[in-house]
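Here is how names work: the chains are called A, B, and so on, in the same order as the sequence lines, proteins then strands, and each is numbered from 1.
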Amino acid sequence: MLTFNYFTNLKDKTIAGLKKRNWDEQKLQWVDEIALLDSERKELQTALDQLKMQVNQASRQIGNLMKEGRHQEAETTKNQVAGHKSEITSLEEKFRTNKERIQELLLKIPNIPHESVPPGASPEDNEVFKAWKAPLPELFPGALSHWDLAEKYQLFDLKLGVKITGAGFPLYRGKGAKLQRALIQFFLDQATAAGYEEIIPPLLVNADTAMATGQLPDKDGQMYYCERDQLYLIPTAEVPVTNVYRDEILEESALPIKLCGYTPCFRREAGSYGADVKGLNRVHQFDKVEIVRLEHPDHSYQALDKMLEHVSGLLDRLELPYRILKLCGGDMGFTSALTYDFEIFSAAQKKWLEVSSVSNFETFQSNRMKLRFRNAEGKTQLLHTLNGSALALARIVAGLLENHQTPDGIRIPAALQPYTGFSRID
RNA sequence: GGUGAGGUGGAUGAGUGGCUGAAAUCAACGGUUUGCUAAACCGUCGUACGGGCUUAAACCUGUACCGAGGGUUCGAAUCCCUCCCUCACCGCCA
């Protein structure tokens, strides 16, 4: 959620940013509407506060008059207060309507893209921030897709997942299951080595938590929901982990805060179809290690670079070819100011698969979360939140199986072998 | 799930209708004193949103907030209702 500053002092920047997200003129009017409503809100509050002050003063007088036994005068004052009360009631009504409308609009306005975000409407317009320099790997004739490899080596079973739950809930078995666990452990160890504190959060969250990181109300339909208990299954560890510090005022010396966490992720992913959903490319439940940072606003973009390095290091160790995209305005998430996507090249499917998304949310989440720090002047200030996948498993598994296959088995990268306990799948 | 007791500022903890935004103590911060440490003494010490105010700081000032939301009253931390949460015991259970 944007702060009011974006609609008053930074209005031009806001308009320009929303245009980068391809907003039409009609929606852009909301910016002016919010500014107008906000100034109305201030006027209403001033009037309301003054009336309340009068009532408060009168009440104190009444108390004193009663003590002194001057009941007649007390009654007169009471009648005066009654007049103010009805005025207050009607002003409060206006005030509430005004605030609700502001809130309603604010929730519809996405984050303002960072100035470096390229314009564009669709994934084709994303900028290749770091290309893969070496030649793309070529597989031998007869190389298989990961879903065929899974069947050949008994690594995971989608049909069993369907029997037990439904489409998009893979069941891993044997070396496939061990590979899954090895990757999680490997990613967590790497994150810990990079200074991230490990968190094991709840997998179900309440509405306040989902609202704070921006999943509600925007992505309501994408989360699984337990009606009876009014809890949401997390779509990413970002949600519970970022919320660890919701409603807190941190000391500047405590920054940066670096957290990581492994969780399963649950996504309903309504509306996807075709080859994109084949095998592990898009599933309803997958495992992911997430890294989260709470940063001083002055350092958040340096922190973002550090996160890119971290994720790059993981992919290097897994010996997977990858590229980094800087998402264009039209493809960025609602809450993000700048997002880099990591894509690995699937040699068997001959296409790029997204395996990580690393974003700086600036104050968009912290404003909703009331997550602040006390700056050098002793004033409270919103800090910046960032997060990134490090990494998402399902597609990494797909890439590993496909790219490291040989005619007589699948090679496990050296970095992973201590975790799997085997060097080949055959 | 049942019964009982509770939810007050960074912490402990007073406060049962009227200068109580909230005593006191501790912690923290600034200062004085001091060979060092310690101690003592003085001071500061919640958040949000408004107004004075024109860009900002400082300062002054108003309103709201004592788990959340409603209600009673001229006036609510205090009384009433609903909900949430915590603790204890019982039940159930990995």
Side-chain angles (χ1 to χ4, degrees), chain A residues 1-13 34-103 105-106 200 202-212 216 226-232 240 243-255 257 297 363 366-383:
Chain A
M1 194 158 69
L2 295 176
T3 58
F4 282 113
N5 206 23
Y6 279 95
F7 302 95
T8 52
N9 298 332
L10 301 176
K11 189 181 151 192
D12 292 344
K13 185 186 163 182
I34 289 173
L36 185 69
L37 284 165
D38 187 42
S39 71
E40 274 174 26
R41 191 205 97 232
K42 288 178 183 173
E43 284 171 26
L44 283 169
Q45 185 175 337
T46 306
L48 207 46
D49 283 356
Q50 263 163 17
L51 281 170
K52 284 183 179 173
M53 179 180 67
Q54 286 169 23
V55 170
N56 287 343
Q57 282 173 352
S59 296
R60 249 170 265 142
Q61 272 175 27
I62 292 167
N64 291 332
L65 290 171
M66 300 285 265
K67 253 183 228 162
E68 293 165 22
R70 295 151 74 182
H71 298 288
Q72 210 65 37
E73 292 167 67
E75 285 306 317
T76 318
T77 315
K78 273 192 199 180
N79 291 335
Q80 285 170 2
V81 169
H84 285 134
K85 294 285 275 200
S86 65
E87 208 176 335
I88 285 175
T89 309
S90 82
L91 274 180
E92 268 177 343
E93 175 65 26
K94 277 186 199 155
F95 190 67
R96 218 191 57 237
T97 319
N98 171 291
K99 279 188 95 168
E100 278 168 4
R101 177 64 182 156
I102 289 177
Q103 188 68 8
L105 288 175
L106 279 179
I200 300 181
L203 305 182
L204 279 75
V205 296
N206 58 35
D208 284 347
T209 297
M211 177 72 86
L216 287 178
C226 304
E227 184 86 46
R228 255 181 101 128
D229 300 290
Q230 296 169 32
L231 295 173
Y232 296 84
N243 270 277
V244 166
Y245 290 97
R246 170 153 54 95
D247 284 326
E248 300 239 358
I249 301 174
L250 302 167
E251 289 306 318
E252 189 171 345
S253 58
L255 301 177
I257 287 174
T363 59
S366 61
N367 188 35
R368 279 201 194 181
M369 262 192 281
K370 297 206 271 305
L371 168 51
R372 293 151 294 168
F373 71 101
R374 209 173 289 286
N375 64 23
E377 289 85 51
K379 309 256 299 179
T380 56
Q381 188 181 342
L382 294 171
L383 45 73

Self-check item: Partner of A/M369 under side-chain contact (heavy atoms from CB on, under 4.5 Å), chosen from A/N243, A/D208, A/D247, A/T363
Solution: A/N243

Quiz item: Does B/U37 pair with anything, Watson-Crick or G-U wobble, both distances under 3.5 Å, and if so, with which nucleotide?
Solution: none

Quiz item: Say you pick atom P in B/U20 and the same atom in B/A76; how far apart are they, in whole Å?
Solution: 16 Å

Quiz item: If you look at every strand shown and take non-hydrogen atoms under 4.0 Å, does A/K85 touch a base, only sugar-phosphate, or nothing?
Solution: sugar-phosphate

Quiz item: For A/T3, which of A/T8, A/L10, A/L106, A/L382 qualifies under side-chain contact (heavy atoms from CB on, under 4.5 Å)?
Solution: A/L382

Quiz item: How is A/N56 classified with respect to the nucleic acid when contacts are heavy atoms under 4.0 Å: base, sugar-phosphate, or nothing?
Solution: sugar-phosphate

Quiz item: What distance, rounded to whole Å, do you find between the two P atoms, one in B/U63 and one in B/G7?
Solution: 28 Å

Quiz prompt | Rounded C1' spacing from B/U72 to B/C80 in Å | solution = 7 Å

Quiz item: What nucleic acid atoms does A/T77 come within less than 4.0 Å of, heavy atoms only: base, sugar-phosphate, or nothing?
Solution: nothing

Quiz item: Taking for each residue the nucleotide of RNA chain B with the nearest heavy atom, is it A/K379 or A/R60 whose nucleotide lies nearer the 5' end?
Solution: A/R60

Exercise. Between B/A68 and B/A28, how far apart are the P atoms? Round to whole Å, please.
Key: 29 Å

Practice problem: Kindly give the heavy-atom pair with the smallest separation between A/M211 and A/R368, and that separation in Å. | Solution: O-NH1, 2.9 Å

Exercise. Answer yes when A/E377 and A/K379 have at least one side-chain N-carboxylate O distance shorter than 4.0 Å, and no when they do not.
Key: no

Quiz item: Distance between the P atoms of B/A64 and B/A77, in whole angstroms?
Solution: 9 Å

Quiz item: If you pin A/M53 and A/R372 to their nearest nucleotides in RNA chain B, which one's is more 5'?
Solution: A/R372

Quiz item: Using purine N1 to pyrimidine N3 plus N6-O4 or O6-N4 for Watson-Crick, or N1-O2 and O6-N3 for G-U wobble, each under 3.5 Å, what pairs with B/U72?
Solution: none

Exercise. Please find the earliest and latest nucleotides of RNA chain B, in the 5' to 3' direction, that have an atom within less than 4.0 Å of any heavy atom of chain A.
Key: B/G18 to B/G75

Quiz item: With both distances under 3.5 Å as the test, what is the Watson-Crick or G-U wobble partner of B/A77?
Solution: none

Which pairs would a plain distance check flag for residues 46-54 of chain A, meaning a side-chain donor or acceptor within less than 3.5 Å of a matching protein atom at least two apart in sequence or in another chain?
unit_1: A/T46; atom_1: OG1; unit_2: A/K42; atom_2: O; d: 2.8
unit_1: A/D49; atom_1: OD2; unit_2: A/Q45; atom_2: NE2; d: 3.4
unit_1: A/Q54; atom_1: OE1; unit_2: A/H84; atom_2: NE2; d: 2.9

Quiz item: If you measure from the C1' atom in B/U25 to the same atom in B/A88, how many Å do you get, rounded?
Solution: 28 Å

Self-check item: Watson-Crick or G-U wobble partner of B/U55, both distances under 3.5 Å
Solution: none

Quiz prompt | Heavy atoms of other groups near A/L36 CG, more than 12 under 6.0 Å | solution = yes

Exercise. Tell me the partner of B/G62, counting only Watson-Crick (N1-N3 plus N6-O4 or O6-N4) or G-U wobble (N1-O2 and O6-N3) with both under 3.5 Å; none if nothing fits.
Key: B/C49

Self-check item: B/G17: pairing nucleotide in any strand, Watson-Crick or G-U under 3.5 angstrom
Solution: none

Quiz item: Which base, if any, makes a Watson-Crick or G-U wobble pair with B/G43, both distances under 3.5 Å?
Solution: B/C29

Self-check item: Who pairs with B/A88 - Watson-Crick or G-U, where each distance is under 3.5 Å
Solution: B/U3

Self-check item: B/U37 to B/U54 separation - P atoms, rounded to the nearest Å
Solution: 50 Å

Quiz prompt | Carboxylate-amine/guanidinium contact A/E100 A/R96, below 4.0 Å | solution = yes

Self-check item: Any donor-acceptor N or O pair under 3.5 Å, side chains A/T209, A/N206
Solution: yes

Practice problem: Determine the Euclidean distance between corresponding P atoms of B/A57 and B/G52; express it in Å to zero decimal places. | Solution: 15 Å

